[in-house]
Amino acid sequence: MCGRFVSTTPPAALARHLRVDEVRTEALEPSWNVAPTDPVYAVSETTEGSRLLGTYRWGLVPPWAPAPSIASRRINARAETLGSKFRGPFERRRCLLPADGFYEWERRPDGTKQAWLIRRRDRAPMVFAGLWDLWRSAQADEVLRTCAIVTTRANLLLGPIHDRMPVMLAPVDWELWLDRHHTDTVSLRRLLEPADDRQLEMFEVSSRVNSVRNNGGDLVTPISRR
DNA sequence: CCAGACGTTGTT
DNA sequence: GTCTGG
DNA sequence: CCAGACGTTGTT
DNA sequence: GTCTGG
């Protein structure tokens, strides 16, 4: 799964990396501990085909939700069940979420848990497959643009610590994933495979990342096993 | 994902 | 145990 | 027809 | 809103 990640790359650099046409967001504070309900960068396409970088709130709140409190339970969307869950967003509102790394927690046999950071060996941003939607309050005085990260089974690197991981899309697949006119879920589903583990590295980090109140570059410092 | 709350009335 | 907030 | 869910992970 | 279960 993916319930916490790193976002420190500024929007201009993300726009370049993701070949965005227009930046429609202010810079967010760099964060080494992005948590559900936080604002995050995501790239989506307009119906006219322009690729935009914007700010979304993490945790997909569907239009029918009475309140946005549902967000914290919809931070991920399983690739395997996208046909029935998140169907609307899967067919028409897909996005890309850049991240400089993400955390997974390993459950050890003794009941303790260990936080790990996973990032690209080349330190470039990784690009998660995402879904988004719009929510309006009953009085329509509040509008939320929210998103979820698509997950799949773990690859060989993550397998020993966890059985799920976010879907990372290669540049060659970005266009199809973003294409709002492409609603053929069969071909979209083919993109939702575990990433090649050779491009990734993974190491243990401090349990300080456990609390969303902690932040800073020290959260991604490797620690050694005792 | 993890952390932290989880309850109401009335009185200060 | 389960839900909410971050 | 109406009621109730609508989500994932992990643990048992 | 829309789907599933009863």
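Proteins get letters first, then strands, A, B, ... in listed order; numbering begins at 1 in each.
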Notebook entry, point to check: What distance, rounded to whole Å, do you find between the two P atoms, one in dG4(D) and one in dG5(C)?
Noted result: 24 Å
Check: Got a sec? Which of residues 62-86 of chain A come in under 4.0 Å of DNA chain B, heavy atoms?
Finding: Ser72(A), Ile75(A)
Checklist line | Separation of atom CZ in Arg164(A) from atom P in dT11(D), rounded to whole Å | finding: 15 Å
Note to self: Under 3.5 Å for both pairing distances: what stems, at least three Watson-Crick or G-U pairs long, include DNA chain D?
What the structure shows: D:1-6 with E:1-6
Checklist line | Thr151(A), Ile118(A), Asp197(A), Asn155(A) screened by side-chain contact (heavy atoms from CB on, under 4.5 Å) with Met165(A), the one that passes | finding: Asn155(A)
Next item on the list: Establish whether Leu169(A) and Leu18(A) are linked, either directly or via other cluster members, by ILVMFWY side-chain heavy-atom contacts under 4.5 Å.
Entry: yes
Margin query: Tell me whether Glu142(A) is salt-bridged to Arg57(A), with the criterion being a basic N under 4.0 Å from an acidic carboxylate O.
Written below: no
Next item on the list: Quick one: sort the Tyr56(A) and Trp132(A) rings into parallel, tilted or perpendicular, breaks at 30° and 60°.
Entry: perpendicular
Check: Do other residues, nucleotides or ligands put more than 12 heavy atoms under 6.0 Å from the CZ atom of Arg136(A)?
Finding: no
Note to self: As a test of reading the structure: which of dC2(B), dT9(D), dG6(C) is closest to the side chain of Thr151(A), going by heavy atoms?
What the structure shows: dT9(D)
Margin query: Say we look at dA5(D) and dG6(C): how far apart would their C1' atoms be, to the nearest angstrom?
Written below: 25 Å
Check: Can a salt bridge be assigned to the pair Glu22(A) and Arg51(A) using a cut-off of 4.0 Å between side-chain N and carboxylate O?
Finding: no
Check: Out of curiosity, Ser44(A) OG to Leu178(A) CG, how far, rounded to the nearest 0.5 Å?
Finding: 7.5 Å
Next item on the list: In whole angstrom, give me the gap between the P atoms of dT8(D) and dC1(B).
Entry: 12 Å
Checklist line | Spacing of Glu45(A) atom CD and Asp21(A) atom CG [to the nearest 0.5 Å] | finding: 8.5 Å
Check: Can Ile149(A) and Phe5(A) be said to form a side chain to side chain contact (heavy atoms under 4.5 Å, CB included), step by step?
Finding: CA-CA 11 Å; Ile149(A) 296 170; Phe5(A) 63 91; 4.0 Å; yes
Next item on the list: Using atom CZ of Arg208(A) as one end and atom C1' of dC2(B) as the other, report the distance to the nearest whole Å.
Entry: 16 Å
Note to self: Does Glu91(A) form a side chain to side chain contact (heavy atoms under 4.5 Å, CB included) with Thr185(A)? I'd like the steps, not just the answer.
What the structure shows: CA-CA 7 Å; Glu91(A) 288 180 355; Thr185(A) 56; 3.8 Å; yes
Note to self: Just the rounded figure in Å: distance from C1' of dT11(D) to CD of Glu106(A).
What the structure shows: 16 Å
Note to self: Measure CZ/Arg92(A) against C1'/dG1(E) and give the value in whole Å, please.
What the structure shows: 14 Å
Notebook entry, point to check: Which whole number of Å gives the distance between the P atom of dA3(B) and that of dT11(D)?
Noted result: 14 Å
Check: If we take the C1' atom in both dT9(B) and dT2(C), what is their distance in whole Å?
Finding: 26 Å
Item checked: Arg57(A) CZ - dG6(C) C1' separation (whole Å) -> 10 Å
Next item on the list: Kindly indicate whether the side chain of Asp38(A), heavy atoms from C-beta on, has any atom under 4.5 Å from the side chain of Val212(A).
Entry: no
Check: Rounded to whole angstrom units, what separation is found between the CD atom of Glu91(A) and the C1' atom of dT2(E)?
Finding: 13 Å
Check: Could you state the CE-C1' distance from Met165(A) to dC1(B), rounded to the nearest angstrom?
Finding: 16 Å
Margin query: Between P on dC1(B) and CH2 on Trp58(A), what's the gap in Å once rounded to a whole number?
Written below: 10 Å
Item checked: Glu175(A)/Arg19(A) ion pair, N-O < 4.0 Å -> no
Any N/O pairs under 3.5 Å between the protein and nucleotides 3-8 of chain B? List them or say none.
unit_1 : atom_1 : unit_2    : atom_2 : d
dA3(B) : OP2    : Lys113(A) : NZ     : 3.2

